[in-house]
Amino acid sequence: MITNIQGYSIHDGPGIRTVVFFKGCPLRCQWCANPENLSADKQIGYLKNLCHGCGRCMKACRYAAIMPGDGYRIARDKCVSCGECAEACYYGALVRYGEEKTAEETFEQVLKDKMFYDSSGGGVTASGGEPLLYADFVCELFRLCRNAAIDTCIETCGWAPREAVEKALHVTDHFYYDLKLMDPVLHRKYTGCDNERILGNARYLAEHGADILFRQPLIPGVNDTDDNIRRTAEFMLSLGPGASRIQLMPFHRAGKTKYDALEMTFIAEGLKPDTAERIEAVRERYIAYGVDCSISK
Ligand code: SF4
Ligand code: SF4
């Protein structure tokens, strides 16, 4: 189940890349910027600001799931996510999130940009959501990529069965690996899951020589504390010299529109993004601990 295949990305691995976004995630981070990738099911989003009130969607829906009311409303209990309303809408006010694809179809699509990968040292990145929920699919896609000399990268939250990580290790050139919070109680509080499995899988990858770039969404007042920075740095350094890079990803509220479209609550909406000075201060703390730290653009 894929939400998007996005070309020309320069932030999701080396060089120019195509990013395949998988739908479904085991975590529920309160600051998540991609709420459309949380559920593994197909969904329909309604963008009220694009709606012209023509009513074509209501007529198109065979399940009587669209009703007037402050623009239009989707009765989520009736909607089967067939997407016919989105087909009927001339204005792009209804968005389908989630499409079933095979690994071969996905490969055919990503292959089209091979010349960009070749000229930039880029490749294909599996992201999400959590791509390791679909480990067999990702491995098949990456096998096809490798046969075509295309570089492979996974962006993962690390909360996956060990077998999935083992499989991926054999076909993945780079792991972009989230380390959100070191305290297990706080990790559970803010993400819905504890971090034991995440840290264990990171250690496993480091011990097996994987190329890892850790990433940390920097959430004001949640994980930008001295305690979390120190514990994250200590954990990374305990993994050996091959796993001592971390990239900070400053908090932003860009996902708010999608929360509204899906009628979901954005818990972190009230958080104020860190200032550039504060982000730089966190970077310097990591560097002082001996960790190679950069800031995501
Ligand atoms: S078809 Fe599109 S523009 Fe027309 S009422 Fe439905 S959502 Fe709004
Ligand atoms: S996705 Fe299908 S069932 Fe859901 S509102 Fe649109 S047309 Fe109706």
Side-chain angles (χ1 to χ4, degrees), residues 1-9 18-110 112 125-138 141 155 157 192 252-270:
M1 186 70 78
I2 286 168
T3 44
N4 194 13
I5 298 178
Q6 183 186 308
Y8 311 107
S9 169
T18 297
V19 186
V20 181
F21 289 91
F22 290 83
K23 190 159 168 34
C25 185
L27 269 56
R28 289 293 178 271
C29 304
Q30 294 188 5
W31 50 83
C32 179
N34 296 310
E36 77 281 17
N37 290 334
L38 294 177
S39 162
D41 296 326
K42 286 183 190 174
Q43 290 172 292
I44 291 283
Y46 170 61
L47 300 164
K48 191 177 160 199
N49 60 325
L50 298 182
C51 177
H52 284 55
C54 66
R56 283 176 55 85
C57 54
M58 208 167 83
K59 290 193 194 106
C61 180
R62 286 179 283 145
Y63 300 88
I66 298 190
M67 294 165 294
D70 191 21
Y72 280 78
R73 263 207 64 240
I74 298 171
R76 303 278 170 189
D77 55 334
K78 292 185 185 165
C79 174
V80 297
S81 301
C82 66
E84 287 177 23
C85 53
E87 296 284 331
C89 179
Y90 289 154
Y91 305 99
L94 288 154
V95 190
R96 267 198 272 206
Y97 296 120
E99 189 183 354
E100 283 147 336
K101 279 186 184 285
T102 65
E104 290 75 17
E105 285 166 347
T106 308
F107 174 68
E108 289 305 322
Q109 195 165 337
V110 302
K112 290 179 186 154
T125 298
S127 185
E130 177 46 61
L132 290 177
L133 287 182
Y134 302 91
D136 288 337
F137 182 114
V138 170
L141 172 63
E155 293 180 331
C157 72
H252 60 79
R253 290 184 286 220
K256 168 75 172 117
T257 310
K258 291 184 279 187
Y259 278 94
D260 290 344
L262 290 163
E263 298 170 78
M264 292 168 65
T265 305
F266 184 21
I267 297 172
E269 185 180 353

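Whatever order the structure lists ligands and atoms in, that order sets their numbers, starting from 1.
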- Item | Salt-bridge present (Glu100, Lys42; N to O < 4.0 Å) | yes
- Message: Show, in sequence, the C-alpha distance, side-chain angles and deciding distance for Cys54 and Tyr72, and conclude whether the side-chain contact (heavy atoms from CB on, under 4.5 Å) test is met.
- Response: CA-CA 10 Å; Cys54 66; Tyr72 280 78; over 6 Å; no
- Task: Report the nearest protein non-hydrogen atom to atom 5 (S) of ligand 1: residue, atom name, distance rounded to 0.1 Å.
- Result: Gly55 N, 3.1 Å
- Item | Which segment of Tyr90 sits under 4.0 Å of ligand 1 when only heavy atoms are counted | neither
- Query: Under 4.0 Å from any heavy atom of Leu94, which atoms of ligand 1 are there?
  - Reply: 7 (S)
- Considering all heavy atoms, the nearest Ile267-Gln30 contact: CG2-OE1, 3.5 Å
- Task: Enumerate the atoms of ligand 1 whose separation from the nearest heavy atom of Tyr72 is less than 4.0 angstrom.
- Result: 5 (S)
- Task: Report, as a single number, the protein N, O or S atoms less than 2.8 Å from atom 8 (Fe) of ligand 2.
- Result: 1
- Message: Which residue and atom name correspond to the protein heavy atom nearest atom 8 (Fe) of ligand 1, and how close is it?
- Response: Cys51 SG, 2.3 Å
- Message: Please check: side-chain N/O of Tyr91 versus main-chain N/O of Gly53, any donor-acceptor pairing under 3.5 Å?
- Response: no
- Atom indices of ligand 1 within 4.0 angstrom of His52 heavy atoms, with elements: 3 (S), 8 (Fe)
- Is Cys54 close enough that one of its N/O/S atoms sits under 2.8 Å from atom 8 (Fe) of ligand 1? no
- Item | ring pair (Phe, Tyr, Trp, His ring centres under 6.0 Å) contacts in which one or both residues fall within residues 27-51, not counting sequence neighbours | none
- Which atom pair, heavy atoms only, marks the closest approach of Asn34 to Lys258? OD1-NZ, 3.2 Å
- Message: Testing the basics here: between Pro35 and Met264, what is the closest heavy-atom pair and its distance to 0.1 Å?
- Response: CB-CE, 3.9 Å
- Item | For Ser81, the ligand 2 atoms whose distance to one of its heavy atoms is below 4.0 Å | 1 (S), 4 (Fe)
- Message: Applying side-chain contact (heavy atoms from CB on, under 4.5 Å) to Leu27 and Glu130, what does each step give before you reach the verdict?
- Response: CA-CA 9 Å; Leu27 269 56; Glu130 177 46 61; over 6 Å; no
- Any idea which heavy atoms bring Gln6 and Ser9 closest together, and the distance? NE2-CB, 4.4 Å
- Item | Side chain, backbone, both or neither: the part of Cys89 lying under 4.0 Å from ligand 1 by heavy atom | both
- List the steps, then state whether side-chain contact (heavy atoms from CB on, under 4.5 Å) holds for Ile2 with Phe22. CA-CA 4 Å; Ile2 286 168; Phe22 290 83; 4.2 Å; yes
